[in-house]
Amino acid sequence: MGFSLPEDPLFLGFDSSTQSLKATVLDDKLTIIASETVHFDSELPHYKTKDGVYRDPTENGRIVSPTLMWIEALDLLLEKLKTKVDYAKVAAISGSGQQHGSVYWKKGSEAILASLDPNKKLLPQFSEAFSTLESPIWMDSSTTQQCREIEKAVGGALELSKLTGSTAHERYTGPQIRKMYEKKRTIYDDTERISLVSSFVASILIGKYASIDETDGAGMNLMDIKKRAWSKIALEATAPDLEEKLGKLAPAHAVAGLIAPYFVERYKFKKDCVIVQWSGDNPNSLAGLTLNTPGDLAISLGTSDTVFGITSVAQPSLEGHIFPNPVDPNCYMVMLCYKNGSLTREDVRNRCAEKSWDVFCECLEKTPPLNGGKLGFFYKDHEILPPLPAGFHRYILENFSTRSLDNIKEREVEEFDPPSEVRAIIEGQFLSMRGHAERFGMPTPPKRIIATGGASSNQSILKSMAMIFGCPVYTVQRPDSASLGAALRAAHGWLCNKEGRFVPISSMYEGKLDKTSLGAKLAVPAGEKDEDKELLEKYSLVVRKRLEIEKRLVEKLGRV
Ligand code: ADP
Ligand code: XUL
């Protein structure tokens with residue numbers, strides 16, 4: 001049975017990401033009718049961010065973003081978008097936020113949210129609303145001590161993972177909050193509400209504190225993944241009086257509230273426009289890519305690189321993350337996350353390919369698959385997976401034509417020639433993703449991969465992905481699946497609200513996906529020739545060799 005949407009409505013999805021704020025607007029046929037972006041570094045240069053963030057020179061691993069920049073970006077985006085979209089037609093809005101980042105609302109700020117003056121921009125009205133103006137974000141790696149303390153308090157890393165879906169990770173919000181409590185007690189005590197980036201923007205849109213959604217909430221080391229409720233044990237292990245500062249949890253498809261009068265008066269949104277719970281960027285991408293088959297794998301190549309899929313059983317382990325599926329309350333999403341994604345590819349492009357993606361592609365095309373045994377580990381920033389400090393490690397595999405792992409030896413070298421360096425970063429990233437995805441129980445080989453994120457527009461990169469994983473690679477119409485997913489979730493939340501019950505999201509596009517802007521298109525077919533299969537076998541060997549070398553690097557350089 002299909003569901004029809006109201007006549008002529010529009011659905012607006014935002015994505016508040018590391019480097020930009022984006023918006024995608026869908027009509028009732030689920031076709032993209034408009035999109036817009038505000039790029040932080042170039043359009044809001046007065047915040048002096050680099051890649052949307054500040055890397056604190058005085059504290060190793062501390063990375064934050066200016067909270068007010070995200071608000072000014074919203075002012076600017078709404079101004080830019082109003083020339084393209086009739087806001088009065090928007091039936092529902094939802095959004096996506098970079099995961100884990102946190103915002104600290106000062107005591108008394110809910111009153112600010114409730115009384116916004118439509119004659120003024122948002123920015124000046126929030127200057128006194130936060131107990132700190134610097135939001136810790138997902139790139140931060142300064143909370144190792146707090147991670148170990150929390151794990152110890154709950155009975156170990158595996159116990160925490162079984163409870164919350166992940167072992168403690170530096171970027172996760174719980175360890176970040178604990179650090180705030182331990183090191184900046186006044187800020188913690190002055191705070192009445194802690195929001196994630198997702199619930200923070202949703203709060204502005206509804207004019208009161210929005211709940212944290214259960215999916216993004218799983219990226220905090222604070223939520224019981226099975227009960228989808230705050231875990232008392234994890235809360236106590238993190239900081240006192242935390243539950244009241246976090247507020248309630250809500251499912252991702254729930255309505256957070258009606259749009260605040262500010263937006264009705266200033267931008268002419270309709271009073272009955274609903275704000276559907278915002279969620280994290282990876283969960284929104286999962287929705288936007290319409291991932292609903294366990295054999296499908298999605299790879300997002302954005303500021304961070306992520307690999308994700310869906311599963312009906314939650315089996316948290318020491319590696320990877322489990323979150324509730326944002327569009328299906330009966331299942332979960334599994335995910336791996338790499339910090340060294342696009343910014344590290346850009347670093348290699350700038351050093352070895354004349355700062356040009358075209359030259360970067362030429363390098364990839366003129367070097368052979370397997371790179372003559374040249375294997376690279378490139379970490380411009382402290383890496384999450386594996387947990388290794390910044391550094392570059394290059395090896396040449398010898399006796400590499402053999403079929404046995406034991407015979408392959410590696411020799412460390414200082415540098416590669418520029419084209420090989422380019423191939424080494426791309427192959428290295430995909431070999432690692434494949435190895436860890438297999439270890440985490442994701443399908444091998446996947447039935448197909450759907451690629452998204454800024455770098456998924458690069459065909460040469462996708463070709464390497466198809467070769468290393470041994471499956472076809474699909475892409476979506478636009479590489480920005482997070483804001484698209486948010487727009488789709490806005491429509492889904494609107495529908496569930498109208499029906500007064502949960503409605504499967506697939507009912508909105510089943511049988512007509514290709515006629516919407518959501519359909520995935522084949523970008524690179526799987527190699528079917530004998531030589532492709534032989535190549536895949538060799539890559540399988542290199543995956544194992546890479547994990548072996550990686551383990552040694554972690555033993556030598558990683559943190560305890
Ligand atoms: P975010 O995670 O902030 O949403 P995006 O998904 O928008 O990031 O990706 C932005 C990144 O996309 C840029 O940092 C850039 O490195 C990368 N990118 C853009 N075009 C290409 C290309 N042709 N080849 C490889 N990478 C690209
Ligand atoms: C996921 C993660 C990153 C951010 C990027 O755990 O840390 O993918 O969500 O915005």
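For ligands, and for the atoms within them, numbers begin at 1 and follow the listed sequence.
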(message) Below a 4.0 angstrom heavy-atom separation, can you tell me which part of R171, side chain or backbone, both or neither, approaches ligand 2?
(response) side chain
(request) Mind telling me whether F416 and F378 have parallel, tilted or perpendicular rings, with 30° and 60° as the class edges? (result) perpendicular
(request) Using a strict cut-off of 4.0 Å, indicate which atoms of ligand 2 neighbour a heavy atom of Q98. (result) 10 (O)
(request) Write out the protein residues near ligand 1, meaning a non-hydrogen atom under 4.0 Å from one of its atoms, in order of chain and number. (result) S17, T18, Q19, K22, G302, T303, S342, E346, W357, G453, G454, A455, S457, N458, I461
(request) For ligand 2, find out whether one of its N or O atoms is nearer than 3.5 Å to an N or O atom of T306. (result) no
(request) Examine ligand 2 and decide if any of its atoms is less than 4.0 Å from a heavy atom belonging to M139. (result) no
(message) When you compare the side chain of M139 with that of L343, does any pair of heavy atoms fall below 4.5 Å?
(response) yes
(request) Evaluate the side chain to side chain contact (heavy atoms under 4.5 Å, CB included) criterion for residues D381 and E383: first the C-alpha distance (whole Å), next the side-chain angles of each, then the deciding distance (0.1 Å), finally the verdict. (result) CA-CA 6 Å; D381 277 306; E383 181 48 65; over 6 Å; no
(message) Which heavy atom of F469 sits nearest to which heavy atom of M433, and what is that distance?
(response) CZ-CB, 3.8 Å
(request) Hey, could you give me the CG/NE2 distance between L160 and H169, rounded to the nearest 0.5 Å? (result) 9.0 Å
(message) Does ligand 2 come near enough to N282 that some N or O of the ligand is less than 3.5 Å from an N or O of the residue?
(response) yes
(request) Just jot down the ligand 2 atoms closer than 4.0 angstrom to any heavy atom of S304, in number order. (result) 3 (C), 5 (C), 8 (O)
(message) Using every non-hydrogen atom in the two residues, find where T215 and A252 come nearest and quote the distance to one decimal.
(response) OG1-CB, 4.2 Å
